[in-house]
Amino acid sequence: IFLFDKNMGHFEVNIIDKSRLKIASAVYGLGYSFSVSASLTNADKKSLLEYLGMSIANSGLIPVLSINDRISFLGVLR
């Protein structure tokens, strides 16, 4: 990988890094810990954490409430 990077440049490194993040995310999804999935794929932990956060937010696991629902919820808390 490093020899390829030296010969081809930054664009390919970015592709490789993104591939590592996607593979690490899949490994994490299989139930491995965050640290294990990062170390197995040699993915950057900070980038992986950001990627996993985006993936979970976009997957529908985090409910998206409308403004009306949020206001109603605040009224219930009073």
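- Residues that satisfy the side chain to side chain contact (heavy atoms under 4.5 Å, CB included) test with Y32, not counting sequence neighbours, are V27, L30, V36.
- Separating the CD1 atom in I23 from the CG atom in L48 is a distance of 11.5 Å, to the nearest 0.5 Å.
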After noting the C-alpha distance and the side-chain angles of K45 and S35, does the key distance pass the side-chain contact (heavy atoms from CB on, under 4.5 Å) rule? CA-CA 8 Å; K45 287 185 178 183; S35 293; 3.7 Å; yes
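- Rounded to the nearest 0.5 Å, atoms NZ (K18) and OG (S47) are 11.0 Å apart.
- Cluster partners of I71, using a side-chain heavy-atom cutoff of under 4.5 Å among ILVMFWY residues and allowing indirect links, are I67.
- Heavy atoms only, all atoms of each residue included: S37 and A24 are closest at CB-O, 3.5 Å.
- The shortest distance between side-chain heavy atoms of L52 and S25 falls below 4.5 Å.
- Atom NZ of K22 and atom OH of Y51 lie 5.0 Å apart (nearest 0.5 Å).
- S19 pairs by the side chain to side chain donor-acceptor pair (under 3.5 Å) definition with nothing, not counting sequence neighbours.
- Using a 3.5 Å distance cut-off with no hydrogens or angles, the side chains of D69 and S66 do pair a donor with an acceptor.
- With values rounded to the nearest 0.5 angstrom, Y28 atom OH is found 8.5 Å from L49 atom CG.
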